[in-house]
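For reference, the structure discussed in these notes is given below.
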Amino acid sequence: GLGLFPNTFAVESFIDELAAAAGADPLQFRLDHLPESRAGARMGAVLEAAAALSNWGEPLAAGRARGIACHFSNTMVAEVAEISVDETTGEISVHDVACAVDCGLVVNPDGAKAQIEGNVMWGVGSTLIEQAYVKDGRLELNNFESYPLLTMRGAPDVRSVLVDTGIT
């Protein structure tokens, strides 16, 4: 949905601020504050799966950082992104994204993973490079050749796992 990106970004950024203020690991902070419910169990499973897929807690190459975020709306999603920032230009690069999803019964796992991975690309592009300008009340872009899109060169490595908790 259209509100998903900005709303999840705001909530998860605040969770990161709370974890930092508590001196806690962001993953563990999230796990420690999940409700004792079916939804909490499902979210815990995807958080742990994303952490395992990303080797959370293992050392990173110099200049790189890792962040974790999660969201739910019937489907539970957790992602870990490995990024770097060019100190000269301020340009952010997303190198790797590990994504775990519990969407319930999966009939076509390949199709589900393709949608997950495509949405990661969409999110990275929307966040880092896509932009449109309005001038005199009109959109300046008039076709896709002038609209910046994520290319393979700028695309992160994306790995996804479907988590079947059996909990609905």
Side-chain angles (χ1 to χ4, degrees), residues 1-87 89-104 106 112-131 150 154-168:
L2 296 176
L4 185 64
F5 286 160
N7 292 332
T8 302
F9 178 80
V11 169
E12 288 298 298
S13 294
F14 186 61
I15 296 293
D16 281 337
E17 289 181 29
L18 293 172
D25 173 79
L27 167 63
Q28 194 60 52
F29 188 85
R30 284 170 173 80
L31 290 170
D32 290 345
H33 291 89
L34 290 173
E36 292 185 23
S37 65
R38 292 186 305 215
R42 288 178 68 205
M43 184 59 75
V46 296
L47 280 164
E48 289 172 351
L53 192 60
S54 70
N55 298 314
W56 185 268
E58 295 293 320
L60 290 167
R64 292 201 179 183
R66 211 183 263 133
I68 190 163
C70 58
H71 182 75
F72 71 95
S73 61
N74 294 325
T75 294
M76 303 290 175
V77 178
E79 293 185 8
V80 175
E82 184 179 321
I83 69 158
S84 65
V85 179
D86 183 311
E87 292 185 22
T89 65
E91 182 178 341
I92 299 169
S93 294
V94 180
H95 304 284
D96 184 84
V97 177
C99 185
V101 175
D102 176 3
C103 54
V106 178
K113 288 180 93 176
Q115 186 160 6
I116 292 163
E117 294 164 10
N119 279 311
V120 168
M121 297 300 175
W122 181 38
V124 170
S126 295
T127 303
L128 297 181
I129 64 167
E130 292 182 31
Q131 56 186 337
L150 186 68
D157 179 32
V158 180
R159 290 164 292 115
S160 62
V161 63
L162 298 169
V163 178
D164 182 6
T165 60
I167 302 170
T168 57

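Between Asn55 and Arg66, the shortest heavy-atom contact is O-NH1, 3.4 Å. The minimum heavy-atom distance between Ala50 and Ala100, with the atom names listed, is N-CB, 3.6 Å.
Side-chain contact between Val101 and Thr75: present, with at least one pair of heavy atoms (C-beta onward) separated by less than 4.5 Å. His95 places a side-chain heavy atom less than 4.5 Å from the side chain of Ser84. A heavy-atom distance below 4.5 Å is found between the side chains of Arg159 and Asp96. Proximity of Met121 to Pro156: side-chain heavy atoms (C-beta onward) are separated by under 4.5 Å at one or more points. Proximity of Ile68 to Leu47: side-chain heavy atoms (C-beta onward) are separated by under 4.5 Å at one or more points.
Val77 pairs in a side-chain contact (heavy atoms from CB on, under 4.5 Å) with only one of the listed residues (Ser160, Cys99, Cys70), which is Cys99. Of the residues Asp102, Leu34, Leu31, the one that meets the side-chain contact (heavy atoms from CB on, under 4.5 Å) test with Met43 is Leu34.
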Let me see the working for Trp122 and Glu130 under side chain to side chain contact (heavy atoms under 4.5 Å, CB included), right down to the final yes or no.
-> CA-CA 10 Å; Trp122 181 38; Glu130 292 182 31; 4.2 Å; yes

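At distances below 3.5 Å, at least one donor-acceptor pair connects side-chain atoms of Arg30 with backbone N or O atoms of Glu12.
With rounding to the nearest 0.5 Å, the separation of CD1 in Ile116 from CG in Leu162 is 4.5 Å. Taking CG from Leu53 and CD from Glu48, the interatomic distance works out to 13.5 Å, rounded to the nearest 0.5 Å. Atom OG of Ser93 is separated from atom CD of Glu82 by 11.5 Å, given to the nearest 0.5 angstrom.
When the side-chain hydrogen bond (donor to acceptor under 3.5 Å, both in side chains) test is applied to Asn119, no partner is found at least two apart in sequence or on another chain. Considering only residues two or more places apart in sequence or on other chains, His33 meets the ring-ring contact (aromatic ring centres under 6.0 Å, His included) condition with Phe29.
Residue Gln115 places its CD atom among 12 or fewer non-hydrogen atoms of other residues, nucleotides or ligands, all under 6.0 Å distant. When the shell of 6.0 Å around CG of Asn74 is examined, it contains 12 or fewer heavy atoms from other residues, nucleotides or ligands.
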Indicate every side-chain donor-acceptor pair of residues 17-28 with a distance under 3.5 Å to a residue at least two apart or in another chain.
residue	atom	partner	partner atom	Å
Asp25	OD1	Trp56	NE1	3.1
Asp25	OD2	Leu27	N	3.0
Asp25	OD2	Gln28	N	2.9
Asp25	OD2	Trp56	NE1	3.3
Gln28	NE2	Asp32	OD1	2.8

